[in-house]
Protein chains: 2
Amino acid sequence: MAVTIKDVALASGVHVSTVSRTFSAAHLVNPDTRTRVLAAASALGYRPNRAARALSTRRTGNLGLIVADIANPFFPPLIKAAQAHARRSDHHVFVADTDEQARVEEELIRSMATQVDGALLVAPRLSNRLIAELSADVPFVVVNRQPAGLPAVLMDVASGAAQAVDHLASLGHREIALLTGPRASWTNQRLERAAEEAALRRGLLLHSVGPNQPTEEGGAAAAPGVLALDATAVLAYNDLVALGLVQELRALGASVPGDLSVVGVDNTHTARHCDLTSVDMPTAAAGRSAIDLLLHRISSEDPPGTVTLDTRLVVRGSTAPPPV
Amino acid sequence: MAVTIKDVALASGVHVSTVSRTFSAAHLVNPDTRTRVLAAASALGYRPNRAARALSTRRTGNLGLIVADIANPFFPPLIKAAQAHARRSDHHVFVADTDEQARVEEELIRSMATQVDGALLVAPRLSNRLIAELSADVPFVVVNRQPAGLPAVLMDVASGAAQAVDHLASLGHREIALLTGPRASWTNQRLERAAEEAALRRGLLLHSVGPNQPTEEGGAAAAPGVLALDATAVLAYNDLVALGLVQELRALGASVPGDLSVVGVDNTHTARHCDLTSVDMPTAAAGRSAIDLLLHRISSEDPPGTVTLDTRLVVRGSTAPPPV
DNA sequence: TTGAAAGCGCTAACAC
DNA sequence: GTGTTAGCGCTTTCAA
């Protein structure tokens with residue numbers, strides 16, 4: 001049996017409530033008794049039982065982190081940062097993967113509800129209505145989506161997309177293809193708009209191609225369509241799409257960046273290795289900000305805020321001047 | 001306030017204990033009352049409070065998953081699979097990242113101890129002694145390490161490494177460099193031995209180079225040393241090392257696979273994209289097996305077992321015959 | 001088959 | 001500054 005507050009009380013000759021205070025409101029206890037209690041506690045190897053504490057305080061010290069797909073390289077840096085940041089305020093993090101399914105997402109949230117103080121929803125698939133409904137049970141912070149009334153952290157692809165278009169224009173490209181992603185994706189919406197605006201500003205022709213599956217397969221499938229256009233450069237919804245496209249283009253005999261320049265979005269690990277020019281998403285910073293917002297929301301009645309983080313282009317070897 | 005067992009009892013006109021039984025030992029309650037209780041429960045949206053339940057049953061329904069670095073592409077598929085598999089038996093998973101530090105690992109385990117029924121340690125950095133000590137508090141299953149007396153899941157790189165050496169020998173290579181990883185790593189030990197044996201068997205000369213940092217930087221740093229050898233092929237500790245090496249080799253003017261063939265280990269997402277020949281590690285299967293072992297260990301007194309999973313080589317474009 | 005009651009480990013008034 | 005007591009939501013004997 002694990003050592004409890006009772007054992008510590010016995011060992012240090014005080015009542016359990018004094019032991020409790022020593023750990024949850026140290027300033028209310030006499031310094032002498034406190035040292036005595038602390039000594040006994042560490043001698044016995046006492047650790048407060050969080051579940052028991054949660055029962056009376058209604059604070060579990062746990063957070064939920066719900067993502068669409070842990071294995072998508074976009075997420076791990078965010079998970080890592082969020083988890084590390086949460087730990088600083090002594091919170092543990094449940095990580096769950098919805099497999100991109102809204103129904104799983106809902107069930108996950110409901111089943112976690114009694115065990116967490118709040119949850120981070122990253123690019124949720126749920127309807128706004130359902131998010132609002134569930135947020136009555138669990139305080140949420142949403143990442144890369146903006147449901148009314150909820151605190152959100154947004155990695156705004158707009159700035160990076162504009163830089164990408166500028167970069168391509170400077171290289172001499174005149175026609176660009178945009179491989180769009182899921183219509184419902186907030187990122188996709190921002191990306192489309194920003195690319196259109198930037199193309200207009202620079203006098204480029206923008207071909208919108210999509211929606212595409214946000215995967216390598218989606219990118220590969222788009223390759224023939226891209227080749228059929230007169231575009232000399234492509235901006236893809238994310239790195240997976242970009243890399244799938246590059247692979248298929250090369251398989252079809254086209255050279256990247258010789259015949260076609262390709263730009264991805266997310267700046268994942270893989271983009272770095274595959275020498276893909278990409279729009280960097282500040283996922284780690286987003287994870288930390290989201291945890292901050294969540295902890296703040298949990299412990300205060302302030303109106304929820306929104307944090308918007310900028311993105312920036314990272315130029316690598318997949319972009320070059322168009323063929324002459 | 002969330003709806004509790006009490007509310008359900010009131011609404012269905014039975015005592016709380018009957019409601020409790022309906023959820024935890026349904027067979028002990030009259031079918032009629034049961035339907036009544038269930039109806040009331042779902043009407044009110046009742047969900048059992050797991051923390052409260054844990055207090056009396058000493059079962060939290062939570063598991064811990066502790067890895068060195070969530071952002072290392074080796075881990076996400078394992079985390080994803082483990083988490084999904086745990087969910088099938090209604091378990092939630094705390095995921096935590098030790099940043100490769102043994103001290104953090106220990107603290108994490110201790111702080112989770114009261115909140116989990118067991119934990120998965122993936123490639124732990126802790127000493128065997130400490131692992132044994134902590135396992136008194138928390139049932140463990142260890143992945144890719146084999147502390148005496150604990151159940152373990154091993155992804156045995158030996159089979160894949162042998163295949164890699166065979167593959168290189170068949171291509172005509174006679175001298176191979178092995179970039180080793182951390183000495184303490186079980187995988188590294190297996191890798192070294194298997195490579196040596198296979199080289200001997202095939203009559204190849206094996207140059208062992210290392211230990212290297214298990215990162216891109218480690219691989220890049222090893223490039224000059226590799227070029228100084230007469231080796232025409234390299235087997236690297238993992239994909240990160242392999243990719244770092246490839247990048248640096250190319251920067252130094254060497255062609256891969258023209259001048260030098262390179263094989264990685266892990267078969268990460270990135271290896272697939274960068275066309276790197278690599279030894280596939282069955283990380284998802286390992287995650288599931290580990291969860292199975294853990295759940296079994298938690299609910300039975302049987303002696304702990306060990307599961308060994310084989311690995312296999314995946315040939316891609318980073319290997320070719322040696323230069324003539 | 002169901003109800004009553006004690007207790008899991010801890011916190012939070014309230015009294016002294 | 002510390003002890004007393006009730007109670008968080010649930011399970012689990014024990015009786016009935």
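To find a chain, count down the sequence lines: A is the first, B the second, and so on, and within it residues start at 1.
- Distance from the side chain of A/A52 is smallest for C/dC10 among the nucleotides C/dC10, D/dG1, C/dA13.
- Contact between the side-chain N/O atoms of A/R58 and the OP1/OP2 oxygens of D/dG9 is found at a separation under 4.0 Å.
- Within the 4.0 Å cut-off from OP1 or OP2 of C/dC10, not a single side-chain nitrogen or oxygen of A/T57 is found.
- Under 4.0 angstrom from either OP1 or OP2 of C/dT11 there lies no side-chain N or O belonging to A/S56.
- A donor-acceptor pair shorter than 3.5 Å cannot be found between the side chains of A/D156 and A/T308.
- Defined by atom type and a distance below 3.5 Å, a donor-acceptor pair is missing between the side-chain atoms of B/N49 and A/T114.
- Following rounding to the nearest Å, B/H15 (NE2) and C/dT2 (C1') show an atom-to-atom distance of 9 Å.
- Checking D/dC10, C/dG3, D/dC8 against the side-chain heavy atoms of B/K6 singles out D/dC8 as nearest.
- The base of D/dG3 sits with one of its N or O atoms less than 3.5 Å from a complementary donor or acceptor on the side chain of A/R21.
- For the OP1/OP2 pair of C/dT11 and a distance below 4.0 Å, the side-chain nitrogens and oxygens of A/R53 include at least one atom meeting the criterion.
- B/V37 pairs in a side chain to side chain contact (heavy atoms under 4.5 Å, CB included) with only one of the listed residues (B/V8, B/D32, B/V29), which is B/V8.
- Counted by atom type alone, A/H85 and A/D292 present one or more donor-acceptor pairs between their side chains at under 3.5 Å.
- Closest approach to the B/I5 side chain among C/dT1, D/dC10, D/dT4 is made by D/dC10 (side chain taken as heavy atoms from C-beta onward).
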